[in-house]
Structures are given as structure tokens and as C-alpha cells.
Amino acid sequence: MRIKFAPAEALALLVDDLRLVEAGRFNAIDLRNAPILYNHCIVPLSVGMLSGVVEGHPRLGSGRKITTSQVFYIDTEVGVARTMSRWYRLDIGDGKERH
């Protein structure tokens, strides 16, 4: 049996983003088109995931409750999370995202 969890290119993009964060170059990441996740919460599974209502997702659209792929980086003070496949902007509870 073969199971492919993620394509190598997606993992390479994830690593690039994490390296920017670690180097203190978060401002180099373009989040203008990142979907916004409202009413988000961390899903307590063996890997961290987020659940919430999404807006502006390129495949899922807006207004749907979703569970993300695995979270590899989250900063609730800045209001962002990086999952396996993309960045999310996190709302601050008043319908506005932080970043």
C-alpha cells in the first residue's frame, strides 16, 4: 500500500515559510490572499488542526465550516496559522482578522 500525504512541492513551500518565520522575516510572507478563518479552534487530535468558518478559500469558497490540514505554525498574537497547504489569517472575535 502506498499513501502519499503531501506532494514534495507542498512540503518545500511549507519549509520555505517556516524558514522565513524562524529568520524573523515574517513580513516577507504575502498574506493578502490567505483565507480568513472565523470562530477558529484547535482540534484536539494526534496532530494539531484548526476548525472554523472559512472566508476566501481558493477551493472551498466562503461561509463553510471546515477543518484544516495539520497546523505547523500558529501565532495567535499576530493572528496567523500555517497548515500543510496554506496560510490562514485568524479573526480576533469581532469579525476582523489581525494581520
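Only a predicted model underlies this, so the values are computations on that prediction, with no experimental measurement involved.
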* Asked: Are Leu31 and Tyr88 side-chain neighbours, meaning at least one heavy-atom pair lies under 4.5 Å?
  -> no
* Aromatic contact, Phe72 with Trp87 (centres under 6.0 Å) -> no
* Calculate, to the nearest 0.5 Å, the distance between atoms CG and CG belonging to Leu50 and Leu90 respectively. => 6.5 Å
* Asked: salt bridge (charged side-chain N to carboxylate O under 4.0 Å, His left out) with Arg82: which residues, sequence neighbours excluded?
  -> Asp17
* Structure fact -> One should read off an interatomic distance between His57 NE2 and Ser85 OG, to the nearest 0.5 angstrom, of 6.0 Å
* Set of residues satisfying side chain to side chain contact (heavy atoms under 4.5 Å, CB included) with respect to Ser62, sequence neighbours excluded -> Glu55
* Are side-chain heavy atoms of Ile66 and Leu37 found at a separation under 4.5 Å? -> yes
* Worked verdict on Leu11 versus Met84 for side-chain contact (heavy atoms from CB on, under 4.5 Å) -> CA-CA 7 Å; Leu11 294 172; Met84 173 66 76; 3.3 Å; yes
* To do: Spell out, yes or no, whether Val78 and Val21 are grouped together once hydrophobic residues are joined by side-chain heavy atoms under 4.5 Å, including indirect joins.
  => yes
* Asked: CG of Leu14 to CD of Glu9: how many Å apart, nearest 0.5 Å?
  -> 11.5 Å
* Do Phe26 and Asp75 have side-chain heavy atoms sitting under 4.5 Å apart? -> no
* Asked: For Gly61 and Val54, which heavy atoms make the closest approach, and how far apart are they?
  -> O-CG1, 3.7 Å
* With Ala28 via side chain to side chain contact (heavy atoms under 4.5 Å, CB included) - residues at least two apart -> Leu20, Arg25
* Structure fact -> The side chain to side chain donor-acceptor pair (under 3.5 Å) partners of His40 (sequence neighbours excluded) come to Asp91
* Asp30: partners by salt bridge (charged side-chain N to carboxylate O under 4.0 Å, His left out), with sequence neighbours left out -> Arg32
* Asked: Between Val71 and Ile74, what is the shortest heavy-atom contact and its length?
  -> CG1-CB, 4.1 Å
* Asked: Are the side chain of Thr83 and the backbone of Arg86 linked by a donor-acceptor contact shorter than 3.5 Å?
  -> yes
